[in-house]
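In what follows, a structure is listed as structure tokens, so that the remarks can point back to it.
To find a chain, count down the sequence lines: A is the first, B the second, and so on, and within it residues start at 1. Basis for what follows: all heavy atoms, side chains included, without hydrogens, waters or symmetry-related copies.
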Amino acid sequence: MSLQIYNYLSRQKEPFKPVVEGRVHIYVCGPTVYDHAHLGHAKTYVSFDVVVRWLRYSGYKVRYVQNITDVGHLLDDGEDRILKGARRERLEPMEIVERYMRSYFEDMDALGVQRPDISPRASAHIPEQIEMIQTLIEKGHAYVVNGSVYFSVESFPEYGKLSGRRIEEMEAGKRVAVRDEKRHPMDFALWIKAPENHILQWPSPWGRGYPGWHIECSAMSTKYLGHTFDIHGGGVDNIFPHNECEIAQSECAHGVPFANYWMLTGSLLVNGVKMSKSLGNFVTIKDALQHYRPEALRFFILSGKYNSPADYSDEALQAASKGWERMNNTLRRLQKAYQHPESLQLSPISTPEMTAHLIETLDQYRLRFVSAMNDDFNTPLALGALQEMTTDVNRWLDKGIATSEVLEQAMNIYREFGGTVLGIIREGTAESGSAEREAALIELLIELRAEARKAKDFARADAIRDRLAALGVILEDSPRGTTWRLA
RNA sequence: GGCGACGUGGCCAAGUGGUAAGGCGAGGGUCUGCAAAACCCUUAUGCGCGGGUUCGAUUCCCGCCGUCGCCUCCA
């Protein structure tokens, strides 16, 4: 089955057809870098990371652009978020930007999120934004007032088509005082005149000022992906006004559709309420990583659909951690067995027919995974296939019917799907990952403990196991000997 | 008030007009010197409530209740 994507624009699943055969141009709204990223960001960017990974795995050549907002994103009171951060930390605005942009990439790297191909910064694309604004003015979609430029929503009849709202139905300015220089209360700023000593300002045909928040995404996606590109992503919370404004600007400037598919991620909730900076109920990614391994966070995020909301809780994270552990333990078992085929102790019932049957079963899991992913990136369903496969593989190992061929196939599935696609299995984590000398020392202790056990000196045997456990080395006994792993 | 979602076992979470994936947890068991890991068995006659359509609805329609998101800065 080929890829189906739930398109927010049409509110239905559609077969995916890229503009250019075999290529995908995707744009995802990135963070405003004035503070550390939290788990809400993790949910969105891990989700799109997997989307991109799946597209690549499926053979598409992908260009993934995700902006960094470092100017123009205003707060309720009209103050720029970056300036607020600068004042808070008594730093230059661009120091704030640099600091939190690095922090953001640090977090994403830790989560195994592959870097976008281009991470354009708004402040580095002022000319492109000015140019686009000029085009909009020329085409009669924008107007200049007192050194600021506004987009006229009434000039674009389709305004509201993504979020499903109508201009007349919205109560503009209910909470934020409408600038009376606007012609229509819903008009939004493309360019804002800078006050006398505003720190972030650039020259423009309309005087010194700075760009509005929405225009950057239009200008930068156009520059790198073209007038019409394939997928536009982001969190649903930006559907209005941000995404709606992007569409209006871009389609009015270019006269062609902006993005063909809109994919919006559901919000991350805490106790049923959205995790957000303004509510202060957020957990930073750095904090979360103190308690949970990155793969567990990914596992948690991917065990729900990207476009559904997810509720964050310690119980949920614990469950994800355990689920991940079981899968990882099984992969480790596979690897050990594969490296030491003599330890397999194959049962007499392990016939070639049996092997063929197991390979066939693995193929079924492979198919289930693929069709789940092709069905609008249904990661929970795909993960389910992997988990059932895990039970089967353990069963086969227990019964002694898994031949090397079977082991190899199973490992490939974990590597490709768990690793390359979902990013929850990392090469190395399944292995001991420690230095050779350390491994040899542990083996030595295991030998000493084996002797103690033989002599029924269980106190000593347990002491060795406990001391190692305290150091993060877990020993596990089996009829075939003792194995170890890092906690 | 407007717009849009959602409500599935103790928790998380897929799904379908034909009779409920998976994970976590819990209980029992196998294995073990004991653990750990793994496996086996059990754990929703039921999918918010009330109607309707249908041979048949958890899945479609209507109403109600509840929760959430957006409308205002947030991924």
Checklist entry - In a check of ring pair (Phe, Tyr, Trp, His ring centres under 6.0 Å) between A:H232 and each of A:F48, A:Y64, A:Y27, A:Y261, which one passes? => result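 Looking at A:F48, A:Y64, A:Y27, A:Y261, the match for A:H232 under the ring pair (Phe, Tyr, Trp, His ring centres under 6.0 Å) is A:Y27.
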Item to check | Full working for ring pair (Phe, Tyr, Trp, His ring centres under 6.0 Å) between A:F151 and A:F188 | outcome: CA-CA 5 Å; A:F151 182 93; A:F188 55 91; 5.0 Å; yes
Does [N] have a Watson-Crick or wobble partner in any strand here, with both distances under 3.5 angstrom, and which is it?
N	answer
B:A35	none
B:U67	B:A5
B:A20	none
B:U43	B:G25

Lys/Arg N to Asp/Glu carboxylate O, [X] vs [Y], below 4.0 Å:
X	Y	result
A:E106	A:R102	no
A:R183	A:E154	no
A:E216	A:R121	no
A:D237	A:K274	yes
A:D398	A:R333	yes

In whole angstrom, what separates [X]'s [atom1] from [N]'s [atom2]?
X	N	atom1	atom2	answer
A:F48	B:A75	CZ	P	13 Å
A:D392	B:G22	CG	P	11 Å
A:E388	B:G22	CD	P	5 Å
A:Q318	B:G23	CD	P	18 Å
A:L486	B:A36	CG	P	19 Å
A:R368	B:A14	CZ	P	16 Å
A:D35	B:A75	CG	P	11 Å
A:Y306	B:C6	OH	P	13 Å

Checklist entry - Considering heavy-atom distances to RNA chain B, does A:M275 or A:E476 have its closest nucleotide positioned more toward the 5' end? => result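 Between the two, 5'-proximity favours A:E476.
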Item to check | Residue mapping more 5' on RNA chain B - nearest nucleotide basis, A:V236 or A:E315 | outcome: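 Its nearest nucleotide being more 5', the pick is A:E315.
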Distance-only donor-acceptor test, [X] side-chain atoms vs [N] base atoms, 3.5 Å:
X	N	value
A:N378	B:G15	no
A:R465	B:C34	yes
A:D477	B:C34	yes

Could you work out the separation of [N] and [M] based on their [atom1] atoms and round it to a whole Å?
N	M	atom1	result
B:G29	B:C68	C1'	43 Å
B:C3	B:C47	P	30 Å
B:C49	B:U58	P	10 Å
B:G52	B:C40	C1'	46 Å
B:G33	B:G48	P	49 Å
B:A13	B:U8	P	9 Å
B:G46	B:C70	P	37 Å
B:A26	B:A44	C1'	15 Å

Checklist entry - Taking atom types as modelled, is there a side-chain donor on A:T390 or A:T330 under 3.5 Å from an acceptor on the other? => result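 Absent: no donor and acceptor within the cut-off.
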Out of [options], whichever nucleotide has its closest atom nearest the side chain of [X]:
X	options	value
A:Q387	B:A38, B:A75, B:G23	B:G23
A:K305	B:G15, B:A75, B:C24	B:G15
A:S267	B:A75, B:C24, B:G15	B:A75
A:Y8	B:G4, B:C71, B:G23	B:G4
A:T391	B:G4, B:A36, B:G23	B:G23
A:R449	B:C39, B:C34, B:A14	B:C34
A:L269	B:A14, B:A75, B:C68	B:C68
A:L381	B:C34, B:A75, B:A21	B:A21
A:D462	B:C70, B:A14, B:C34	B:C34
A:R395	B:A14, B:C40, B:A75	B:C40

Would one find a side-chain N or O of [X] under 4.0 angstrom from OP1 or OP2 of [N]?
X	N	value
A:N329	B:A37	no
A:R326	B:G23	yes
A:K399	B:A38	no
A:K322	B:G25	yes

Identify whether any heavy atom of [X] sits under 4.0 Å from a base atom; if not, whether one sits that close to sugar-phosphate; answer base, sugar-phosphate or nothing.
X	answer
A:R453	base
A:G30	sugar-phosphate
A:S163	sugar-phosphate
A:L383	nothing
A:N394	sugar-phosphate
A:S276	base
A:Y45	sugar-phosphate

Checklist entry - Can A:F458 be said to stack with the base of B:G33, given centres closer than 5.5 angstrom and planes under 30 degrees apart? => result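 It does: the ring sits over the base of B:G33.
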Checklist entry - Per the salt bridge (charged side-chain N to carboxylate O under 4.0 Å, His left out) rule, which among A:D466, A:D457, A:D477 passes with A:R449? => result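 Passing option: A:D477.
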